[in-house]
Each structure stands twice: as C-alpha cells, then as structure tokens.
Amino acid sequence: DNLCFFRFLAICLSEYQDGDKKKCKLADTQKYYLKDRTKVARRLLLKEHDIEYTKKIPNRGLKILKEFKGVSMEEMKEIASKYHININFYEYISSEKPYYDLSEQFFFDKTYSTHSALLYSKDQIIHIMYIKDPMKLTHIHICHKCHSYTHYGDENYYRFESHVKHCDGMFKKNYIPNKEPIQYCPH
C-alpha cells in the first residue's frame, strides 16, 4: 500500500508529554498495532489531498489510496516541514561487516521535535520505518543541541559527552590538520 512514510508520520504526530519526557503514543506500546497506524496514515494521506472524513472513506479517497505509489524524498521534506518535525534518516549497509549509517537529516528548527527513521530498500522500492531508540540500534550519537556533531560507536564516547556539555547549539567548523606530510616539490 506504500503508506510507510505516513505510518512513520502517524507515530511522530502521536507525541505527548509524560513528565519531562516526550513519548509517542503509537510507538510506546508492547504490541505492534499496525491497524491503528494504518488508519491514521490513511487519514494523513487523504488530508494531503484535501479529503477529510469521519467514519467512511469517500470514493475519491478510495481511488487515491488505490493509485498511491508512495512519496519521494523531496515530498517527505515538504511534509515534515508542514508538520513541524525534524527527521534523522539512517540506512542499513549490508556488507562483510553490516552497519548503520546516517544518510540524511531534515532539520528545520530547534523547537521542532526530532524523530529517527530507517530507510531500507526491497525490490527497487525504498521503505521507511520508525526507530524508537536510534542510539541503541545504530551506535551513532547526534548532539541534541546543534544536531551537527556526530559520534560513531562507543569508543572515545567521552569526546561526545564533552562536546554536548560545552555545546551552545551553534555549528562551529573546527580545522583538523592532516597528519600526513605534504610532499615537497622544488621549483
């Protein structure tokens, strides 16, 4: 049905405040409620096409759902901006030693909530899934203040913690000299 992005969006928009933590109602469950996610995803897709309904999907909406082929990365970016969410996209790289890598970030504003998604491809079609705890799955740590400093793996984690402690939320480009000597060419 190609609604994977809208299922992801449904989870992101089901956010609520629990004390000092933000939680997602559709993600923080013991069971995987696909019907609930799909129901909300259909509503969001039809809302994009200016169709709103209460109980039964109108015929025009059924036609759109039947012919829907998915969304492109550009459309995902527009929709994420419209619903005020930032997204970190991770990709699973299958090689001799498989790993996850941060492939793209949609960062619009500091005040927007940030969510993580996993991109994977199957039969030339890219699918998307919600990641509940990205640091546990990918071992990629992203600074929650500036959203630009990343740390891969668990080695030298103290550097990441030091950055977060001193970060003021602004990106600073640091010059890191190359340790290889430059060859001397006499003129």
Side-chain angles (χ1 to χ4, degrees), residues 1-18 21-29 32-93 100-138 140-148 150 169 171:
D1 63 356
N2 296 323
L3 287 172
C4 54
F5 177 72
F6 286 97
R7 281 191 193 96
F8 167 79
L9 191 62
I11 295 168
C12 296
L13 296 178
S14 70
E15 200 171 66
Y16 68 95
Q17 195 75 25
D18 184 25
K21 281 185 141 184
K22 285 187 176 182
K23 293 186 174 182
C24 293
K25 189 171 84 176
L26 291 174
D28 292 334
T29 59
Y32 179 71
Y33 293 109
L34 183 64
K35 287 182 183 177
D36 295 342
R37 293 177 185 188
T38 303
K39 189 183 197 181
V40 177
R42 284 184 184 141
R43 270 188 202 279
L44 289 170
L45 172 63
L46 294 178
K47 191 176 179 182
E48 287 294 312
H49 293 278
D50 298 322
I51 299 173
E52 297 206 24
Y53 62 95
T54 53
K55 293 188 181 204
K56 189 177 178 188
I57 301 173
N59 289 335
R60 195 174 74 138
L62 291 172
K63 184 180 177 190
I64 289 170
L65 286 170
K66 190 176 182 181
E67 295 172 356
F68 184 65
K69 300 290 184 206
V71 292
S72 66
M73 288 300 276
E74 291 82 23
E75 291 169 326
M76 284 183 201
K77 192 170 190 170
E78 289 174 20
I79 294 169
S81 174
K82 178 181 175 183
Y83 287 104
H84 305 291
I85 58 172
N86 299 319
I87 305 174
N88 294 329
F89 289 101
Y90 296 90
E91 203 171 357
Y92 180 71
I93 312 294
Y100 293 93
D101 195 17
L102 182 66
S103 64
E104 192 161 347
Q105 288 181 301
F106 293 163
F107 182 74
F108 302 105
D109 194 341
K110 268 198 253 186
T111 59
Y112 297 176
S113 60
T114 303
H115 300 276
S116 299
L118 176 67
L119 295 175
Y120 67 98
S121 54
K122 181 181 176 187
D123 302 328
Q124 300 290 326
I125 298 171
I126 296 175
H127 296 280
I128 187 171
M129 286 192 310
Y130 182 83
I131 302 176
K132 199 175 191 179
D133 189 359
M135 291 183 198
K136 190 183 280 187
L137 176 70
T138 63
I140 300 173
H141 309 280
I142 302 172
C143 177
H144 63 277
K145 293 179 182 176
C146 66
H147 297 280
S148 61
T150 57
F171 175 72

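These figures come from a predicted structure and were not determined experimentally.
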Taking side chain to side chain contact (heavy atoms under 4.5 Å, CB included) as the test, write out the residues that go with Lys39, two or more places apart.
none
With sequence neighbours left out, the residues meeting ring pair (Phe, Tyr, Trp, His ring centres under 6.0 Å) with His84 are Tyr112
List for me each residue that meets ring pair (Phe, Tyr, Trp, His ring centres under 6.0 Å) alongside Tyr53, sequence neighbours excluded, and say none if there are none.
none
Answer whether the closest heavy-atom distance between the side chains of Phe6 and Leu9 falls below 4.5 Å.
yes
Heavy-atom pair of closest approach, residues Met135 and Ile140
CG-O, 3.6 Å
Taking the side chain as every heavy atom from C-beta outward, state whether Ile142 and Gln105 have any pair of such atoms under 4.5 Å apart.
yes
Does any part of the side chain of Pro134, heavy atoms only, come nearer than 4.5 Å to the side chain of Asn88, both counted from C-beta?
no
Checking Glu78 now: which residues fulfil side-chain hydrogen bond (donor to acceptor under 3.5 Å, both in side chains) with it, not counting sequence neighbours?
none
Among residues at least two apart in sequence or on other chains, which ones pass ring pair (Phe, Tyr, Trp, His ring centres under 6.0 Å) with Phe107?
His147
Parallel under 30°, tilted from 30 to 60°, perpendicular over 60°: which one fits the rings of Tyr130 and Phe8?
tilted
Of all heavy-atom pairs between Gly70 and Glu75, which one has the smallest distance, and what is that distance?
O-OE1, 4.2 Å
Solution key, residues 60-68 side-chain donor-acceptor pairs under 3.5 Å, sequence neighbours excluded:
none

Considering non-hydrogen atoms only, spot the tightest contact between Thr54 and Arg43 and give its length.
O-NH2, 3.1 Å
Nearest heavy-atom approach of Ile51 to Pro58 is CG2-CG, 3.7 Å
With Ser81 via side chain to side chain contact (heavy atoms under 4.5 Å, CB included) - residues at least two apart
Phe108
Partner set under salt bridge (Lys or Arg N to Asp or Glu O under 4.0 Å) for Lys82, not counting sequence neighbours:
Glu48
Quick check: does any side chain N or O of Arg37 sit under 3.5 Å from a backbone N or O of Cys4, one acting as donor and the other as acceptor?
no
Does Phe106 have any ring pair (Phe, Tyr, Trp, His ring centres under 6.0 Å) partners at least two apart in sequence or in another chain, and if so, which?
Phe89
With sequence neighbours left out, the residues meeting side-chain hydrogen bond (donor to acceptor under 3.5 Å, both in side chains) with Asn59 are none
Can you see which heavy atom on Leu118 is nearest to which on Tyr92, and at what distance?
CD1-N, 4.0 Å
What heavy-atom pair brings Cys143 and Cys146 nearest, and what distance separates the two atoms?
SG-N, 3.6 Å
Residues in side-chain hydrogen bond (donor to acceptor under 3.5 Å, both in side chains) with Glu74, at least two apart?
Ser72
Report yes if some heavy atom in the side chain of Leu46 is under 4.5 Å from a heavy atom in the side chain of Glu52; otherwise report no.
no
Using side-chain heavy atoms (C-beta onward) and a distance below 4.5 Å, is Leu44 in contact with Ile79?
no
